[in-house]
Structure formats: structure tokens, C-alpha cells
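Read through the structure below, which is laid out as C-alpha cells, and then see the notes.
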Amino acid sequence: MVLKTFRAMIVEETDNHFSRSITEKIFDELSDGEVLVKVSWSSLNYKDALSASGNRGVTKKYPHTPGIDASGVVEESSSDAFHPGDKVIVTSYDLGMNTSGGFAEYIKIPASWIVPLPAGLDLRESMIFGTAGFTAGMSVMALTRSVPPGRGDILVTGATGGVGSLSVALLAKLGYSVTAVSGKPESGPFLKGLGAQKILTRTEATVGHERPLLKGIWAGVIDTVGGEILATAIKSTDLQGVVTCCGNVASPDLPLTVFPFILRGVSLVGIDSQNCPMEARRKIWQHLASDWKPDRLDNLCREVSLDELENEIDLILKGGQTGRVVVKMDS
Ligand SMILES: NC(=O)c1ccc[n+]([C@@H]2O[C@H](COP(=O)([O-])OP(=O)(O)OC[C@H]3O[C@@H](n4cnc5c(N)ncnc54)[C@H](OP(=O)(O)O)[C@@H]3O)[C@@H](O)[C@H]2O)c1
């Protein structure tokens with residue numbers, strides 16, 4: 001019998017060493033799920049690079065296909081909610097973590113993980129956003145609830161990264177004045193092009209970090225890195241400011257006192273895209289497809305094939321990516 005196969009990235013473990021290859025997989029190797037999607041586009045996130053390099057905090061069992069994002073077309077469905085031909089987006093939940101992920105021509109997932117592609121976005125654009133853009137959207141949503149544009153400057157950290165660059169672009173689109181923190185000295189034109197008004201180095205962003213409270217200069221903060229940069233940003237947030245926190249590429253530590261919270265009413269909002277309820281998910285995707293959609297979304301991304309992903313994974317692990325990497329799966 002000839003088994004039908006499809007192309008996928010496989011990460012394998014041999015003697016505690018992890019290796020990646022692009023190979024053929026059979027459909028029986030896909031995870032259980034009601035909906036089979038032919039993947040058109042995927043994208044690269046920091047978490048994908050962790051899964052692709054054997055991080056057991058993200059992926060417990062290998063061999064494994066990473067890819068927490070996918071957009072594509074439903075091919076088979078046993079759910080009444082989706083039908084062959086529907087264009088769909090799948091981000092986070094367990095896709096690409098312990099469920100065979102989007103770095104493959106096919107995924108099989110529960111219907112409850114799927115967002116119908118909203119009008120105003122095509123499948124490629126949805127992956128320029130991907131989990132990074134959705135997380136930026138959740139962060140912006142948390143900020144806009146209590147900090148209107150015009151209240152003061154918003155600080156975005158890890159600004160050239162996926163979540164950071166899309167946060168800068170969304171905030172600028174909504175009329176906020178944005179200061180970007182970046183460790184890449186050459187990133188000025190990119191960040192200004194997204195709408196950042198000022199740029200700080202990481203060193204500038206941690207000046208005075210040893211003090212419990214600093215002059216209140218930020219109306220809000222979207223942090224993607226954690227550690228001393230986040231702690232300094234919280235200490236520098238003005239009265240009633242909102243700080244969102246989603247990542248730990250710098251450090252999981254948060255060296256702080258309670259003073260910013262009890263003397264300035266600063267709020268620290270945790271962002272967890274994986275467990276975002278579906279109603280809120282759809283609402284954020286609607287915004288990303290319409291009133292929040294940056295004018296030049298394409299300037300934020302580079303396009304690669306599945307075979308070209310290897311180098312991009314190494315680069316994101318070193319903090320070296322600028323903007324987003326979308327992966328073209330349709331040949
Ligand atoms: N909670 C959630 O739901 C959620 C969802 C998505 C992502 N995340 C997390 O958010 C973080 C960012 O994800 P991403 O996909 O945007 O990653 P990314 O594209 O690699 O961006 C991270 C950026 O952080 C900066 N950076 C890297 N290393 C740093 C260091 N040691 N100190 C300070 N800054 C550093 C770099 O920007 P500059 O060079 O411009 O400084 C880098 O481009 C990750 O920790 C990821 O796991 C969480």
C-alpha cells in the first residue's frame with residue numbers, strides 16, 4: 001500500500017542531542033482533531049525556536065513538528081462549525097507545543113482552536129501577525145482600556161522582535177506616542193518606519209535600576225523581555241499607568257518593591273495568549289483585520305520556505321530577528 005505523505009519539519013532527539021530535518025510524514029502521525037487543514041502559511045515565534053531546539057518546558061515529547069501558528073484552508077471536517085474550503089487561522093492553544101504544528105503542509109486540530117479568517121485579512125497577513133501579533137493585540141487591548149492616546153508616552157521593549165515590532169505598529173496606528181527599546185543599534189529606520197518617535201538602548205532603559213522608584217515618565221508599557229528592563233520600566237511608570245508583561249527573553253526575574261503599585265497605582269497586567277478565551281480571541285482578530293491593522297504590514301516581515309527556516313531559528317534564539325518571519329507552505 002502506498003501511504004499519502006506530506007512535508008514537515010521534524011525535530012528528533014538522539015542521545016540528548018536534538019536535530020532538525022525536513023522530511024515526509026504520514027497522515028496517521030498527525031494529532032487527533034476534528035479538522036484537517038492544508039497549511040498555506042506559518043510564522044516563526046520565539047517559542048517555536050525553543051520547541052525546535054529541544055526545550056522540554058515547551059515540548060515534552062520528540063520526535064515533534066513545531067509551529068505554534070498556521071493559516072490555511074479546511075480540507076476535511078467532522079465539526080459542523082467548519083467546512084472544506086473555509087479559510088482559517090490557528091494560533092497558540094497547544095499547536096506546535098505537544099500537538100503536531102504548523103511547520104508542515106497539514107495540521108489536524110480540534111474545531112474549538114480555530115478562528116475563521118476575518119474579512120480584511122488574507123492568509124499571509126494573518127501569519128505576519130501570528131501569535132506575536134495576537135499577543136501584541138492582547139497587550140494593546142489591556143492598555144487601551146485605561147490609558148487613552150495623549151495621556152503620555154508608551155514604552156515598548158524588545159521592540160524589533162515579533163511582539164515588540166507589532167506592538168509599536170499597532171500603538172502608532174491608534175495614535176499613541178511610542179518610545180522603543182532596542183538592543184540593535186542599526187534598528188532606527190525600521191522602528192521609526194513603524195511609527196516609534198524615540199528609541200532607547202537597553203542600557204538607557206535600565207538607568208537607575210537600583211532605586212525603588214524613578215521619575216514617572218511612561219503612561220504605559222508593553223514589555224516583551226522581563227528582568228531589569230521590565231523592573232525599571234515599572235519604576236518609571238506614571239500615576240495610574242498600565243504595564244503589560246508577556247515574555248522573558250532577558251530574564252524571568254522581576255527585581256522590584258511594591259512602591260510603584262502602592263504609591264502610583266500602577267497596574268501590571270499579565271498576558272497569556274495560549275489561554276485567551278475564544279470570544280476575546282475573535283474580538284482581537286477583528287481589530288487586527290480592521291481598525292488596528294498597520295498600513296504597511298508587509299514592511300514588518302520576511303518570507304522564507306520550510307527549507308530556509310533552519311537559519312531563522314538560530315537567529316531568533318540569539319535575539320537577532322527584526323520583525324516577523326512568515327513561512328510559505330504552499331508550493
Ligand atoms: N505570554 C504570551 O502569550 C506570549 C506570546 C508570544 C510571545 N511571548 C514571549 O514574548 C517574548 C518575545 O517573543 P517574540 O516571538 O517577539 O520573540 P523575538 O521576535 O525573538 O523578539 C524578542 C526581542 O527581544 C529583544 N531581546 C532579545 N534578547 C534580549 C535580552 N537578552 N535582553 C533584552 N532584550 C532582548 C530583541 O529585541 P531588540 O534587539 O529590539 O532589543 C528581540 O528581537 C518571548 O519571551 C516569548 O516567549 C509570550
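Atoms within a ligand are numbered from 1 in the order they appear, just like the ligands themselves. Starting from 1, each residue takes its place in the sequence as its number.
Summary of contacts: the protein heavy atom closest to atom 11 (C) of ligand 1 is Thr224 O, 3.3 Å. Among protein heavy atoms, atom 21 (O) of ligand 1 sits closest to Gly161 CA, 3.1 Å. Among protein heavy atoms, the minimum distance from atom 1 (N) of ligand 1 is reached at Ile271 O, 2.8 Å. At the top of the distance list for atom 6 (C) of ligand 1, counting protein heavy atoms only, stands Thr135 OG1, 3.4 Å. The nearest heavy-atom contact from the protein to atom 20 (O) of ligand 1 is Ile316 CG1, 3.2 Å.
With hydrogens and angles left out, the side-chain atoms of Arg7 and Thr23 include no donor and acceptor closer than 3.5 Å.
Ring centroids of Phe27 and Phe6 are separated by less than 6.0 Å, placing the two rings close together.
Annotation: cation-pi pair Lys235/Phe259 absent, no NZ/CZ under 6.0 Å from the ring centroid and within 45° of its normal.
For Thr322, no heavy-atom contact with ligand 1 is shorter than 4.0 Å.
Checked against a 3.5 angstrom limit, the closest N/O atoms of Val225 and ligand 1 fall outside it.
At least one heavy atom of Ala159 sits closer than 4.0 Å to an atom of ligand 1.
Ring orientation note: the planes of Trp113 and Tyr93 are close to parallel, at an angle under 30° on the 30°/60° scale.
Atom 28 (N) of ligand 1 has its nearest heavy-atom neighbour, among Gln321, Glu228, Arg202, Lys318, in Arg202.
A side-chain contact (heavy atoms from CB on, under 4.5 Å) with Val37 holds for exactly one of Val73, Asp86, Val88; it is Val88.
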Given Leu44 and Gln321, is the side chain to side chain contact (heavy atoms under 4.5 Å, CB included) satisfied, shown in steps? CA-CA 10 Å; Leu44 179 64; Gln321 288 288 359; 4.0 Å; yes
